[in-house]
*Asks:* 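Got a structure here, written out as structure tokens. Questions coming.
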Amino acid sequence: MSPARSVASTLITVAPTGAESAKADVPALPTTPEELVETAVACERAGAALIHIHVRDREHQPTLEPAFLKEAVDGVREATDLVVQLSTGGAITDPLEKRLTVLDADPDSCSLTCGTTNFGDGVFLNPWGFMVDLYRQAQEREIVPEFELFELGHVHALRRLIDECGLPFGGKVHVDFVTGVPGSMPGTPQALLAGVAMLPPEVTSWSATGIGRAHLPIVAAALSAGGHLRVGMEDNLMYARGRAVVHNSELVARAAELATLMQRPPMTTTEAREALSVKDRRTR
Ligand code: KMH
Ligand code: ZN
């Protein structure tokens, strides 16, 4: 891993929707194809280079139906140069077999969570066999995984995955710490830095996100420690105390401003594509 001081720019990922919030409770959540594309365009303009997508159906419910996934990938790809990442985590109710089919939509990147974890009152299942199947299929299809680490044990599981299955397509290893999920790794700088200290040497870049109130402390900690940033309404619905997020792009714009102040301005999409070694699937 590069020391913090040599990381010259910041990869900003936006996770605009997630699978947990209801449109009825959060009308600003982008859930339709039009809202997703509009969000992607605005977030790219604000400094994002990667978009982590969960898709909703016409009733605004989370879905892994192939036609909806393809529509989302194609729509964002046609309108932006963002690295398009599909969630393979889906919602905690999604069956494992269905989550594997996400790769059929041919995204640039996919999430790959490195183990099972508590997820609020539920459990987010990621058994070893599922991780291996997903990883091997991503390698075969030349899709770059982003390894999601919710727990310190997930860092250790990533070591095992690389040992057993080798490096991802393109040879880069990008991980994202998801901190502050109730029952999982806390959203504190101490927990984040413990995870960073355990990263295998094969890891070429790491980012972090803090759920809810952990949002800003984790942005600050990640920037200080040479990490990249994930922001968005999947993780955080409040812009400030008593003030809800009105558009994902304001979270991206604030992250970009903080990164610039820290002398690590946002990566362009071209730089991000190179940093992650994604295959160029762009159509425009
Ligand atoms: N919605 C969570 C159960 C991912 O996108 O891969 C899982 C999640 C992780 O958000
Ligand atoms: Zn997600």
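Whatever order the structure lists them in is the order used to number ligands and atoms, beginning at 1.
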*Asks:* Could you tell me, atom by atom, which parts of ligand 1 come under 4.0 Å of a heavy atom of E20?
*Replies:*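 Taking each heavy atom of E20 in turn, ligand 1 has 1 (N), 2 (C), 3 (C) under 4.0 Å.
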
*Asks:* Which of the numbered atoms in ligand 1 are below 4.0 angstrom from a heavy atom of E234?
*Replies:*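 In order of numbering, the contacting atoms are 10 (O).
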
*Asks:* Taking the six-membered ring for Trp, are F177 and F147 ring centroids under 6.0 Å apart?
*Replies:*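 No, ring centres 6.0 Å or more apart.
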
*Asks:* Could you tell me whether a side-chain N or O of T116 sits under 3.5 Å from a main-chain N or O of N126, the two making a donor and an acceptor?
*Replies:*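 Indeed, once roles are kept as given, a pair shorter than 3.5 Å links the two residues.
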
*Asks:* Return the closest protein heavy atom for atom 7 (C) of ligand 1 as residue, atom name and distance.
*Replies:*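 Minimum-distance protein heavy atom for atom 7 (C) of ligand 1 reads F124 CZ, 3.4 Å.
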
*Asks:* Can a donor-acceptor pair be found between the side chains of T209 and D235 at a distance below 3.5 Å?
*Replies:*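 On atom types as modelled, these side chains qualify, holding a pair under 3.5 Å.
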
*Asks:* In ligand 1, which numbered atoms sit nearer than 4.0 Å to a non-hydrogen atom of G89?
*Replies:*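 Listed by number with element: 4 (C), 6 (O).
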
*Asks:* Can you check whether E38 reaches E35 side chain to side chain, under 4.5 Å on heavy atoms?
*Replies:*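 Sidechains of E35 and E38: no contact.
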
*Asks:* Tell me the protein heavy atom at minimum distance from atom 6 (O) of ligand 1, and give that distance in Å.
*Replies:*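 Ranking protein heavy atoms by distance from atom 6 (O) of ligand 1, first comes S111 OG, 2.7 Å.
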
*Asks:* Please confirm whether G90 approaches ligand 1 to less than 4.0 Å, judged on its heavy atoms.
*Replies:*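 For ligand 1, residue contact (heavy atoms, under 4.0 Å) with G90 is present.
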
*Asks:* With a 4.5 Å heavy-atom cut-off, do D108 and V144 have their side chains touching?
*Replies:*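 Of all side-chain heavy-atom pairs linking V144 with D108, none is under 4.5 Å.
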
*Asks:* Find out whether V155 and L199 are in side-chain contact, i.e. whether some heavy atom of one side chain is under 4.5 Å from a heavy atom of the other.
*Replies:*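 Heavy-atom side-chain distance check passes, below 4.5 Å.
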
*Asks:* Considering distance alone, does some N or O of E148 sit under 3.5 Å from an N or O of ligand 1?
*Replies:*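 For ligand 1, there is no N or O atom that lies under 3.5 Å from one belonging to E148.
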
*Asks:* On the ring face of Y239, is R254 found with NZ or CZ under 6.0 Å from the centre and within 45° of the axis?
*Replies:*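 Ring-cation test returns yes.
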
*Asks:* Determine which of the N, O or S atoms in E234 is closest to the Zn ion (ligand 2) and give its atom name.
*Replies:*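 Checking each N, O and S atom of E234, the shortest distance to the Zn ion (ligand 2) belongs to OE2.
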
*Asks:* Show the atoms of ligand 1 that are less than 4.0 angstrom away from any heavy atom in S87.
*Replies:*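 With S87 as reference, the close atoms of ligand 1 come out as 4 (C), 5 (O), 6 (O).
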
